[in-house]
Amino acid sequence: MKELLIELVRKGLERCFADGTLSSGLLPTIIIEKPAHADHGDFATNAAMLLAKAEKKAPRAVAETLIKHLEGSADICDRVEVAGPGFINFHVKDDAWRTTLLAIDRAGADYGQSRIGGGERVQVEFVSANPTGPLHIGHGRGAAIGDTICRLLAVTGWDVTREFYYNDAGQQIVNLALSVQARCLGLEPGDPRWPADGYQGDYIMDVARSYLAREKVDADDQHVTAAGDPHDLDAIRRFAVAYLRREQDQDLTAFDVHFDVYSLESSLYADGRVEAVVRRLIESGHTYEQDGALWLRTTDFGDDKDRVMRKADGSYTYFVPDVAYHLDKWERGFTRVINEQGADHHSTITRVRAGLQALNVGVPKGWPEYVLHQMVTVMRGGQEVKISKRAGSYVTLRDLIDEVGRDATRFFFVMRKPDSQLVFDIDLAKQQTLDNPVYYVQYAHARIRSIFENAAEKGFVPPETGSAPLGRLATQEEMTIIKTLAAFPEVVEGSALNFEPHRITYYLQELAGQFHSFYNKNRVITEDVELTAARLFLLKCVARTLKNALAMLGISAPEKM
RNA sequence: GCGCCUGUAGCUCAGCUGGAUAGAGCAACGGACUUCUAAUCCGUAGGUCAGAGGUUCGAAUCCUCUCAGGCGUGCCA
C-alpha cells in the first residue's frame with residue numbers, strides 16, 4: 001500500500017515539474033508515514049513541506065498544487081487532502097484495504113517475506129561462548145537476539161550463515177584442564193593444591209567423573225573418547241572441551257538455535273594464520289616494539305591508545321587471533337558480517353577493525369558490523385539473583401528453559417531493544433496469565449484455531465482465496481485488523497534492517513490485542529453465512545500472520561492452550 | 001579522566017531514523033461471562049520526554065554542555 005502511494009506522489013511531482021507549476025525540479029526522498037491520529041487518514045506525506053523552501057512558496061500551496069497532479073489516486077483513496085502545516089493526508093478506500101487480505105492468504109507461510117537482501121551472503125557470528133562452562137543468561141540473550149536476526153535476515157532475502165567461534169587454546173582452557181584434573185584427583189576448592197584460577201563449579205566434577213569413566217562425548221563439532229588417565233593433562237583438556245561443547249550444544253538445541261559453522265581459535269594457530277597476520281601487520285608499518293612487547297598502533301585508526309599484540313612472554317593477546325579470524329571471514333567472501341556480542345566486550349570492536357584496516361586489504365572501515373546487547377539482570381521473588389562465575393553460581397540458560405519454557409524465554413530475551421539493559425523477571429515469565437505477553441500472543445492464535453474447530457462442527461470452513469465476500473468486513477475492529485496485517489512486511493523489513501527483533505514482539509502484541517478486542521465485540525459464527533465466511537477468512541489471515549511472526553522469533557504458535 | 005550504552009506515566013518499556021494532540025502493558029480505580037477459550041475485553045486516572053542551551057516551518061528524536069546509572073578503559077578474554 002505504501003509503495004503504491006510513494007509511486008503516486010513521485011509521478012505527481014514529475015508532472016508538476018513537467019508543466020512548470022513547480023519549478024525547483026528537486027525530487028525529495030518521498031516519505032510516506034502513518035499519522036498518529038486516525039482523523040489524519042491512513043497515510044501522510046511531508047513532501048510539500050520539504051519542497052516549500054526551494055519553491056519559495058507556502059507549504060500548503062505546494063501541497064495543493066501537488067494534489068491536483070496526483071493521477072489515479074481516486075482508485076485507491078476516498079479523499080486526499082492538505083492538512084496542518086502542509087501534510088498531504090491519504091484516506092485509503094476500505095475496498096483497497098480489503099484486497100490486501102487476498103495477497104496475505106495467497107502468500108501463506110511466506111507472508112511477511114521480501115527480497116531486499118537480494119540473495120547476498122551475510123555471516124552472523126553469535127553466542128561464541130568459550131567451552132569453560134555452561135551457557136549463562138547473557139549467552140541466552142545473545143543466542144535469542146542473534147538467532148532472531150538470522151531468521152529476520154533469511155526472510156528478507158539474505159543468504160545467512162550462522163557461525164560460532166570459540167577459544168579452545170588459551171590460558172582459560174589450561175585452567176579448565178587443571179580444574180578437571182584436580183577433581184579427578186579428588187581435590188576441592190580451598191585445598192592448597194587447587195589450581196590458582198581454577199573453575200569451582202560443580203559441573204567440573206561431572207566432567208571429571210565422566211573422564212575417569214572413559215566416556216565418549218559427541219558435540220556438534222567434536223567427538224572425543226576419554227583416556228581416563230588423570231595425569232594426562234592434554235587428554236583431559238581435549239575431553240573437557242568436547243564435554244562442555246556438547247553441553248552447550250544441548251542447551252542451544254533445546255533453545256532451537258543451530259549453527260552452520262564452528263570456528264576454533266586453536267585452528268588459527270595450528271595452520272599459521274595467526275603468525276601470518278602478525279607478519280603482515282609488521283609489514284604494514286603500523287607496529288613497534290616497546291618494553292619487550294610488540295604493539296599495534298591502533299591509534300592510527302581511532303583507538304585512544306595503542307594495544308599490545310605480543311606480550312613479553314611471547315604469547316599473543318586475544319585480539320590478534322580475533323583479527324586473524326576476521327581476516328579469514330573476509331577472505332571467505334563475506335562482504336557482510338554481523339557480530340552479536342555482549343556490550344561488555346565492546347572494546348574489541350575498535351581493535352579488530354583497526355587490525356583489519358592496518359592490513360590494508362580493502363576491508364571497509366565499518367566492517368564487520370556489531371550488534372551489542374546490554375547486561376541482563378535476573379529477578380526472582382523480587383530479588384536480584386547475583387552472578388558469580390568464579391564460584392560457579394549463576395543462572396544458566398538451561399535453568400531458564402527448564403523453568404519457564406523455551407517460548408517464553410526467547411520472547412523475553414528479544415522483547416527489549418538490544419541497547420537496553422534487560423530485567424528478566426523469572427516469576428513473570430513463568431506466569432501463565434495475561435501479565436505474560438507471550439501467552440497473550442499465543443492465546444490469540446489458539447483462540448482462532450478453536451473458533452475454526454467450532455466452525456467446522458457447524459459445517460463452516462475458512463474460504464479459499466477469492467471466494468470470500470470481503471465486502472462484508474466493515475466494522476471498525478475489522479478494518480483496524482486489516483490495516484495492521486497489511487503493515488506486517490514493513491515491520492519485518494524495519495526489524496531486519498535495524499537488527500531490532502523487539503519490533504516483532506511489539507507488533508505481535510498489537511495484532512493479538514486487536515484480535516482479542518474484535519473477538520469480544522463480534523461473533524464470528526452466526527446465522528449469516530456470508531458474514532461468517534468473511535470473518536473466518538479474516539481470522540485465517542490473522543492466524544497466519546501471528547504464526548509467521550512467531551516463527552521469526554523461533555516461538556511456537558500453539559493450536560490449543 | 002576518556003570511550004560506548006541508557007535516562008519517556010508509580011513500575012517495565014515502545015516511539016516507525018525530524019512531523020500533527022507523546023503511546024502500550026503492568027500496578028490503581030470502575031465495569032462486562034445463559035453466546036465461538038474470562039489465559040479475554042471496555043472505561044477512568046496517570047507526563048517539565050533527566051536538566052540547560054542550540055539547529056528549523058517543526059525536536060522525545062539531530063548538535064553542545066551538565067547531572068544520574070550501567071559497561072569498558074589489562075602484556076585478561
Side-chain angles (χ1 to χ4, degrees), chain A residues 31 33-37 39-40 44 46 49-50 52-53 58-59 83-87 89 130 132 167 170-172 197 265 290-295 302-305 307-319 321-322 342-350 372-375 377 415-423 425 428 431-437 439-440 442-444 446-455 457-458 460 487 490-491 493-495 497-498 500 502-503 505-507 509-510 512-513 515-526 532 535 539 560-561:
Chain A
I31 296 168
E33 57 186 6
K34 218 174 129 185
H37 296 276
D39 3 322
H40 295 143
N46 61 351
M49 289 145 87
L50 295 176
K53 200 166 214 179
F87 289 102
N89 291 343
N130 288 338
T132 55
N167 174 351
Q171 188 57 42
Q172 283 188 48
D197 293 311
E265 186 184 18
Q290 188 183 305
D291 303 330
L294 179 68
W295 297 68
D303 204 351
D304 52 3
K305 61 204 274 193
R307 306 291 169 175
V308 169
M309 291 170 56
R310 189 172 59 219
K311 302 181 238 177
D313 70 3
S315 64
Y316 295 111
T317 56
Y318 70 92
F319 91 90
D322 273 1
D344 54 340
H345 286 95
H346 82 259
S347 59
T348 65
I349 298 176
T350 314
L372 301 178
H373 64 262
Q374 295 289 330
M375 304 281 93
T377 48
M415 200 163 53
R416 306 285 175 236
K417 102 186 124 185
D419 282 341
S420 297
Q421 292 181 30
L422 176 71
V423 177
D425 185 335
L428 174 62
Q431 268 180 56
Q432 308 205 351
T433 69
L434 63 147
D435 295 352
N436 191 340
Y439 285 97
Y440 181 82
Q442 289 183 319
Y443 181 54
R447 208 175 208 184
I448 293 173
R449 305 308 303 185
S450 164
I451 292 170
F452 286 172
E453 222 167 85
N454 207 285
E457 281 170 20
K458 292 177 177 145
F460 290 112
E490 292 156 30
V491 173
E493 216 173 283
S495 188
L497 289 174
N498 293 285
E500 291 185 344
H502 74 279
R503 295 193 194 190
T505 68
Y506 277 86
Y507 177 81
Q509 292 179 78
E510 187 187 4
F515 161 70
H516 287 310
S517 193
F518 161 79
Y519 174 89
N520 273 275
K521 272 187 209 156
N522 305 284
R523 281 197 69 77
V524 176
I525 302 162
T526 61
T532 300
R535 286 183 169 165
L539 294 199
K560 265 197 172 70
M561 286 176 77

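Below, chain A is the first sequence line, B the second, and so on; all start at residue 1.
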_For a quick check of understanding: with a heavy-atom distance under 4.0 Å over all strands, which category does A:His516 fall into, base, sugar-phosphate or nothing?_
sugar-phosphate
*Contact nearer the 5' end of RNA chain B, comparing A:Arg523 with A:Gly292*: A:Arg523
*Decide yes or no, distance alone: a donor-acceptor N/O pair under 3.5 angstrom between the base of B:rA77 and the side-chain of A:His345.*
yes
*How many Å lie between CZ on A:Arg503 and C1' on B:rA24, as a whole number?*
16 Å
*Can you tell me the distance, in whole Å, between the OH atom of A:Tyr316 and the P atom of B:rC76?*
15 Å
*Identified pairing partner of B:rC41, criterion: Watson-Crick or G-U wobble below 3.5 Å*: B:rG31
*asked:* Under 4.0 Å, heavy atoms only, any strand: does A:Asn520 hit a base, just the sugar-phosphate, or nothing?
replied: base
_Taking only the C1' atom of each, what is the distance from B:rG47 to B:rG23 in whole angstrom?_
12 Å
*asked:* So A:Ala83, base contact, sugar-phosphate only, or nothing? Heavy-atom distance under 4.0 Å.
replied: base
*Write down the partner of B:rC16 under the Watson-Crick or G-U wobble criteria, each distance required to be under 3.5 Å.*
none
*Would you kindly give the CD-to-C1' distance between A:Gln374 and B:rC4, to the nearest whole Å?*
8 Å
*side chain to side chain donor-acceptor pair (under 3.5 Å) between A:Thr132 and A:Asn130, intermediate numbers included*: CA-CA 6 Å; A:Thr132 55; A:Asn130 288 338; 5.8 Å; no
*Should A:Tyr440 be listed as having a side-chain N or O under 4.0 Å from OP1 or OP2 of B:rC41?*
yes
*Does A:Ser517 have a side-chain nitrogen or oxygen under 4.0 Å from the phosphate oxygens OP1 or OP2 of B:rC42?*
yes
*Report which part of the nucleic acid A:Asp291 touches: base, sugar-phosphate, or nothing (heavy-atom distance under 4.0 Å, all strands).*
base
_Residue met sooner reading RNA chain B from 5', once A:Met561 and A:Phe518 are mapped to nucleotides_ = A:Phe518
*So, does the side chain of A:Tyr443 form a donor-acceptor pair with the base of B:rA39 at under 3.5 Å?*
no
*How far, in whole Å, is B:rA52 from B:rC41 if one measures between their C1' atoms?*
45 Å
*Separation of A:Glu33 atom CD from B:rG15 atom P, in whole Å?*
15 Å
*State the pairing partner of B:rC36; accept Watson-Crick or G-U wobble contacts with both distances under 3.5 Å, and report none otherwise.*
none
_Donor-acceptor pair under 3.5 Å, A:Asp304 side chain vs B:rU73 base_ = no
*Using a cut-off of 4.0 Å on non-hydrogen atoms, how would the nucleic acid contact of A:Tyr519 be classed: base, sugar-phosphate, or nothing?*
base
*Is a donor-acceptor pair below 3.5 Å formed from side chain A:Asp39 to base B:rA20, judging by atom type as modelled?*
no
*Sugar-phosphate only, base, or nothing, as touched by A:Lys417 at under 4.0 Å among non-hydrogen atoms*: sugar-phosphate
*Looking across every strand, which nucleic acid part, if any, lies under 4.0 Å from A:Ala446 by heavy atom: base, sugar-phosphate, or nothing?*
base
*Round to the nearest Å and state the distance from A:Lys521 atom NZ to B:rA38 atom C1'.*
17 Å
Between N or O atoms, less than 3.5 Å apart, protein on one side and nucleotides 56-64 of chain B on the other: list the pairs.
unit_1	atom_1	unit_2	atom_2	d
B:rC57	OP1	A:Lys53	NZ	3.2

*For A:Ser450, answer base if it contacts any base atom (sugar-phosphate contacts may also be present), sugar-phosphate if it contacts only those atoms, and nothing otherwise; contact means non-hydrogen atoms under 4.0 Å.*
base
*asked:* Can you tell me the base-pairing partner of B:rG7? Count Watson-Crick or G-U wobble geometry only, both distances below 3.5 Å, and say none if there is no partner.
replied: B:rC67
*At under 4.0 Å between heavy atoms, what does A:Ala444 touch on the DNA or RNA strands: base, sugar-phosphate, or nothing?*
nothing
*Determine: side-chain N/O of A:Arg449 to OP1/OP2 of B:rC36, distance under 4.0 Å, yes or no.*
no
